[in-house]
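Note on naming: letters A, B, ... go to the chains in the order of the sequence lines (proteins, then strands), and numbering restarts at 1 for each one. Quick caveat: nothing in here was measured; it's all calculated off a predicted structure.
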Amino acid sequence: MPAFDRARLEAHAVEVAPLLLGAVLTHTTAEGAVAVRLTEVEAYSGLGEDPGSHAHRGRTARNDVMFGDAGRLYTYFTYGMHTCANVVTGAPGTAGGVLLRGGEIVSGLELARTRRTTARKDVDLARGPARLASALGITLADGGADLLGEGAFSLRPGEPLPAERIATGPRVGVAGPGGDATAFPWRFWIADDPTVSQYRPAVRRRRG
DNA sequence: GCTGCGATTGACT
DNA sequence: GTCAATCGCAGCT
């Protein structure tokens with residue numbers, strides 16, 4: 001199966017996100033290979049229009065990868081313990097990205113289980129952005145890796161999905177202007193798929 | 001240098 | 001349903 005066409009990833013993140021649904025991301029390490037069929041993603045625009053984007057305030061050491069070529073892996077560390085994975089989209093310098101929020105393990109199930117010992121069911125192995133990264137064995141050190149080259153990663157398009165199977169809605173944990181997450185309905189998922197994460201509205205963290 | 005908080009998860013009531 | 005864990009980044013002094 002051919003790799004995902006890089007030119008298709010150079011469009012705006014909102015256009016790329018639905019194309020990634022059903023695509024299969026494979027990560028091969030010394031332990032073996034795990035492949036995930038993507039069922040849930042979120043688009044982030046690097047432009048000033050999107051306050052939820054890590055690139056919204058400009059280029060920093062952390063988000064540097066987002067300003068590079070489309071088709072590379074952008075990883076970030078959050079909440080002091082979790083790693084999340086994104087596919088860089090858009091032309092270089094535009095800093096768009098698509099967060100991989102959930103998927104179905106289609107290969108390497110045993111290895112994924114050893115990496116996700118707290119998951120009780122197989123559908124929970126990659127349901128949620130930090131879970132997906134963990135199941136694939138993605139760490140911060142993988143940031144910047146090319147998903148379309150000859151390296152440890154491969155990203156292949158899946159079967160084209162009929163429009164009625166693609167659902168959209170507000171992004172998770174991200175508030176838009178005035179706290180309105182629905183201002184950016186940039187979350188895309190495969191309708192009725194059990195590996196789509198549960199929606200949680202953006203909440204302000206309590207003061208401690 | 002100091003402080004507040006986040007593109008979350010899992011454990012617990 | 002509620003809540004703690006845990007640390008790098010961004011913004012401010």
- [ ] For A:G80 and for A:H54, find the nucleotide of DNA chain C with the closest heavy atom, then tell me which residue's nucleotide is more 5'.
- [x] A:G80
Open item on the list: Side chain of A:A130 only, heavy atoms from C-beta on: which candidate in C:dA10, B:dT9, C:dG8 is closest?
Closed with: B:dT9
Task: Rounded C1' spacing from B:dA7 to C:dT2 in Å - done: 22 Å
Open item on the list: Can you see whether A:T195 engages A:E40 through a side-chain donor-acceptor pair at a distance of less than 3.5 angstrom?
Closed with: no
TODO: Using Watson-Crick or G-U wobble geometry with both distances below 3.5 Å, tell me the partner of B:dG10, or none.
DONE: C:dC3
Open item on the list: Can you tell me which nucleotide in B:dT8, B:dA7, B:dA11 comes closest to the side chain of A:Y74?
Closed with: B:dA7
Task: Length of the line joining A:W186:CH2 and B:dA7:C1', which is rounded to integer Å - done: 13 Å
- [ ] Calculate the interatomic distance between A:Y76 atom OH and B:dC5 atom C1'; express it in whole Å.
- [x] 14 Å
Task: Separation of B:dG6 P from A:M81 CE (nearest whole Å) - done: 14 Å
Open item on the list: Regarding A:R120, tell me which of base, sugar-phosphate or nothing describes its non-hydrogen contacts under 4.0 Å with the strands shown.
Closed with: nothing
- [ ] Mark this stacking check for A:Y79 against C:dA5 as yes or no, applying ring centres under 5.5 Å and ring planes under 30°.
- [x] no
Open item on the list: Out of the candidates A:L148, A:D142, A:T26, A:L136, only one should pair with A:F153 under the side chain to side chain contact (heavy atoms under 4.5 Å, CB included) rule; please name it.
Closed with: A:D142
Open item on the list: Tell me if the centroids of the rings in A:H54 and A:Y76 come within less than 6.0 Å of each other.
Closed with: yes
- [ ] Answer yes or no as to whether B:dA7 has its base stacked against A:Y44, where stacking requires a ring-centre separation under 5.5 angstrom and planes under 30 degrees apart.
- [x] yes
Open item on the list: The side chain of A:F77 is closest to which nucleotide in this list: B:dA11, B:dT9, C:dC7?
Closed with: C:dC7
Open item on the list: With a 4.0 Å limit, can you tell me whether A:T78 has a side-chain N or O closer than that to the phosphate oxygens OP1/OP2 of C:dC7?
Closed with: no
Task: Length of the CZ-C1' vector between A:R62 and C:dC7, whole Å - done: 11 Å
TODO: Indicate whether the side chain of A:H56 and that of A:Y44 have a donor and an acceptor atom separated by less than 3.5 Å.
DONE: no
Open item on the list: Measuring to OP1 and OP2 of B:dA7, would you say a side-chain N or O of A:R187 lies under 4.0 angstrom away?
Closed with: no
- [ ] Return no unless some side-chain N or O of A:R101 is found under 4.0 Å from OP1 or OP2 of B:dT8.
- [x] yes
TODO: Check whether the side chains of A:S45 and A:S53 place a donor and an acceptor atom closer than 3.5 Å, and report yes or no.
DONE: no
- [ ] Rounded to the nearest angstrom, tell me the gap between atom CZ in A:R59 and atom P in C:dA10.
- [x] 13 Å
TODO: Calculate the interatomic distance between A:L140 atom CG and B:dG6 atom C1'; express it in whole Å.
DONE: 15 Å
TODO: Nearest whole angstrom, please: distance from the P of B:dA7 to the CE of A:M66.
DONE: 12 Å
Task: Whole angstrom value for the distance that separates C1' of B:dA7 from NE2 of A:H82 - done: 12 Å
